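First the structure, in the form of structure tokens, and then the observations on it.
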Amino acid sequence: MEGPTEDSLCGKWRNGCRLDRDRLKDIFSCRLLKTIAMGQVLSLLICGTAGSCQYLADAGVETPMLQSFLNYALLLLTYTPTLCIHRGDTNILKILRTKWWKYLVMGLADVEANYMVVKAYQFTTLTSIQLLDCFVIPVLMVLSWIFLKTRYRPLHFVAVMVCLLGVGAMVGADIVAGRDQGSTSDVVLGDGLVLLSSVLYAVSNLCQEHTVKNLSRVEFLGMMGLFGTLISGAQLAALEINAVKAIKWDLYIFMLFAVYALCMYALYSFMPVVVRLTSATAVNLSLLTADLFSLFCGLFLFSYKFSVLYIVSFIIITVGFIMFNAVPTLSAVPDGADPQVADAVSDPAADRLLAAGGDTQRTRSVVMFTTL
């Protein structure tokens with residue numbers, strides 16, 4: 001009697017292990033690994049912008065609008081001309097006639113978000129900025145719920161909390177290491193600027209997700225370059241003319257501006273690719289590691305003090321990011337919608353998961369944000 005029983009138990013155990021391996025293989029798919037890798041590339045690009053900004057600040061150059069203007073100008077020169085040669089609805093004249101004000105709002109939100117978060121460093125502490133900057137994630141989730149009809153599962157909220165826990169560990173590491181916290185001249189104003197910039201970033205990212213998934217990446221970048229250049233150029237002329245005139249140009253300063261502009265240009269060009277593969281919320285979760293990459297670079301470039309909490313926070317954020325992307329999000333399907341339509345568009349952030357019975361389950365997604 002013991003023989004058949006043992007064989008039965010061993011068979012169940014082998015089947016269970018095989019099922020678990022199949023589930024893990026399906027969760028840790030090539031798409032998820034690609035998403036993780038591309039998210040870290042974005043974080044490295046942000047690290048490049050942060051490092052060049054730090055060197056510019058050390059050289060006495062504080063021109064955030066000029067730096068943003070250079071990035072938008074590069075987008076204008078490379079992507080906007082492509083829209084000029086397109087025909088039909090993707091031609092720039094047709095876009096401007098029908099959707100100019102929508103891209104104006106998107107460009108204004110993006111420009112002002114970049115400007116406000118840089119200005120906040122003059123008034124509040126680094127810790128406040130690192131913590132409050134995460135406010136973009138819940139705001140973006142709420143906006144996605146309302147406009148993109150994205151429906152999150154409980155695990156997604158847990159994953160976000162795990163990522164924010166990692167940010168908390170990073171801030172704790174800063175405090176333990178005694179890192180310079182910057183200015184405290186007007187903490188209330190600085191914190192308010194960070195929160196407002198987070199809301200504006202969420203609006204810009206929401207528009208980006210809709211545009212790249214329903215229209216095209218080139219249209220998004222071309223219109224962002226056009227309106228971003230106009231808005232940042234006007235603000236540059238109004239606020240930073242004297243600061244630009246005071247810059248003592250040499251090869252070193254020129255190279256720092258070039259590194260910043262090229263990193264930002266690469267970030268803006270590459271980010272829509274990742275957003276299309278995942279979602280704007282997932283991308284912002286992956287960008288939480290950008291501060292850590294900056295800190296790791298600072299260990300060598302700016303003599304920051306190392307803390308093991310930096311490694312812990314990186315691991316926690318990465319685990320939260322994997323959790324968020326491993327489980328599909330759902331989108332609300334309008335009443336009376338054709339089931340084939342619901343199946344036709346699947347959420348790029350979702351990979352297939354094996355259900356308990358071994359069947360493959362695919363996320364159903366219908367993008368309903370038709371107002372943009």
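These numbers come from a predicted model, not from an experiment.
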**Message:** Suppose we screen for side chain to side chain contact (heavy atoms under 4.5 Å, CB included). Which residues come up paired with S269, at least two apart in sequence or across chains?
**Reply:** L75, Y79, R217, Y265

**Message:** Tell me the closest heavy-atom pair linking S279 and E209, and the distance in Å.
**Reply:** CB-OE2, 3.7 Å

**Request:** Output the distance between atom OG1 (T63) and atom CG (L236), rounded to the nearest 0.5 Å.
**Result:** 8.0 Å

**Asked** Are L77 and L230 connected in the hydrophobic side-chain network, where two residues link if heavy atoms are under 4.5 Å apart?
**Response** no

**Message:** Going by side-chain hydrogen bond (donor to acceptor under 3.5 Å, both in side chains), name the pairs with one or both residues in residues 193-202, residues two or more places apart or in two chains.
**Reply:** N114-Y201

**Message:** Using 0.5 Å steps for rounding, measure from the CG atom of L196 to the CZ atom of F135.
**Reply:** 10.0 Å

**Asked** Is L215 linked to V212 within one hydrophobic cluster, defined over Ile, Leu, Val, Met, Phe, Trp and Tyr using a side-chain heavy-atom separation of less than 4.5 Å?
**Response** yes

**Prompt:** Under 3.5 Å, is there a donor-acceptor pair between the side chain of H156 and the main chain of R153?
**Reply:** yes

**Parallel, tilted or perpendicular: ring planes of Y252 versus Y55, cut at 30 and 60 degrees** = perpendicular

**Message:** Could you check whether any side-chain N or O of S204 sits under 3.5 Å from a backbone N or O of L200, counting only pairs where one atom can act as donor and the other as acceptor?
**Reply:** no

Could you list the donor-acceptor pairs under 3.5 angstrom formed by side chains in residues 36-46, with sequence neighbours left out?
| unit_1 | atom_1 | unit_2 | atom_2 | d |
| --- | --- | --- | --- | --- |
| Q40 | OE1 | T289 | OG1 | 2.9 |
| S43 | OG | G39 | O | 3.3 |
| S43 | OG | S286 | O | 3.1 |
| S43 | OG | T289 | OG1 | 2.8 |

**Message:** Below 30° counts as parallel, above 60° as perpendicular, anything between as tilted: where do the rings of Y268 and Y72 land?
**Reply:** perpendicular

**Complete:** d(L195 CG, M116 CE) to nearest 0.5 Å is 11.5 Å

**Item:** Same cluster (ILVMFWY, side-chain, under 4.5 Å), L104 and F220
**Value:** yes

**Same apolar cluster: V111 and W101, side chain cutoff 4.5 Å** = yes

**Complete:** In short, M141 meets T281 closest at the heavy-atom pair CG-CG2, 3.7 Å

Name each donor-acceptor pair under 3.5 Å that joins a side chain in residues 89-96 to protein atoms two or more places apart or in another chain, with its distance.
| unit_1 | atom_1 | unit_2 | atom_2 | d |
| --- | --- | --- | --- | --- |
| D89 | OD1 | K94 | NZ | 2.7 |
| T90 | OG1 | R87 | O | 3.2 |
| N91 | OD1 | L93 | N | 2.9 |
| N91 | ND2 | C84 | O | 3.3 |
| N91 | ND2 | H86 | O | 2.7 |

**Asked** Can you find a heavy atom in the side chain of L83 that is under 4.5 Å from one in the side chain of M223?
**Response** yes

**Asked** Would you say the side-chain atoms of S216 pair up with the backbone N or O of E219, donor to acceptor, closer than 3.5 Å?
**Response** yes

**Prompt:** Residues sharing L251's hydrophobic cluster, by side-chain heavy-atom contacts under 4.5 Å among ILVMFWY, directly or via others?
**Reply:** F254, M255

**Request:** Decide yes or no for L66 and I247: does some side-chain heavy atom of the first lie under 4.5 Å from some side-chain heavy atom of the second?
**Result:** yes

Counting only pairs under 3.5 Å, give me each side-chain donor-acceptor contact of residues 311-322, with atom names and distances, residues two or more places apart or in other chains.
| unit_1 | atom_1 | unit_2 | atom_2 | d |
| --- | --- | --- | --- | --- |
| S313 | OG | L309 | O | 3.2 |
| S313 | OG | Y310 | O | 2.8 |
| T318 | OG1 | F314 | O | 2.8 |

**Message:** Going by side chain to side chain contact (heavy atoms under 4.5 Å, CB included), name the residues that satisfy it together with V118, two or more places apart in sequence or in a different chain.
**Reply:** P64

**Prompt:** Around atom CH2 of W100, are there more than 12 heavy atoms of other residues, nucleotides or ligands at under 6.0 Å?
**Reply:** no

**Request:** May I ask you to test the R151-W145 pair for a side-chain heavy-atom distance under 4.5 Å?
**Result:** yes

**salt bridge (charged side-chain N to carboxylate O under 4.0 Å, His left out) partners for K34, two or more places apart** = none

**Prompt:** If Ile, Leu, Val, Met, Phe, Trp and Tyr residues are connected whenever their side-chain heavy atoms lie under 4.5 Å apart, and connections chain through other members, are I241 and L239 in the same group?
**Reply:** no

**Request:** Under the side chain to side chain contact (heavy atoms under 4.5 Å, CB included) rule, collect the residues that match up with A202, sequence neighbours excluded.
**Result:** V136, V139, L140, L143

**Item:** Any side-chain heavy-atom pair of M106 and F227 under 4.5 Å
**Value:** no

**Message:** Does anything in residues 229-244 form a salt bridge (Lys or Arg N to Asp or Glu O under 4.0 Å)? List the pairs, not counting sequence neighbours.
**Reply:** none

**Complete:** The complete set of salt bridge (Lys or Arg N to Asp or Glu O under 4.0 Å) pairs with one or both residues in residues 195-205, sequence neighbours excluded, reads none

**Request:** Kindly write out the residues that satisfy side chain to side chain contact (heavy atoms under 4.5 Å, CB included) with L108, not counting sequence neighbours, or none if the list is empty.
**Result:** E112, I231

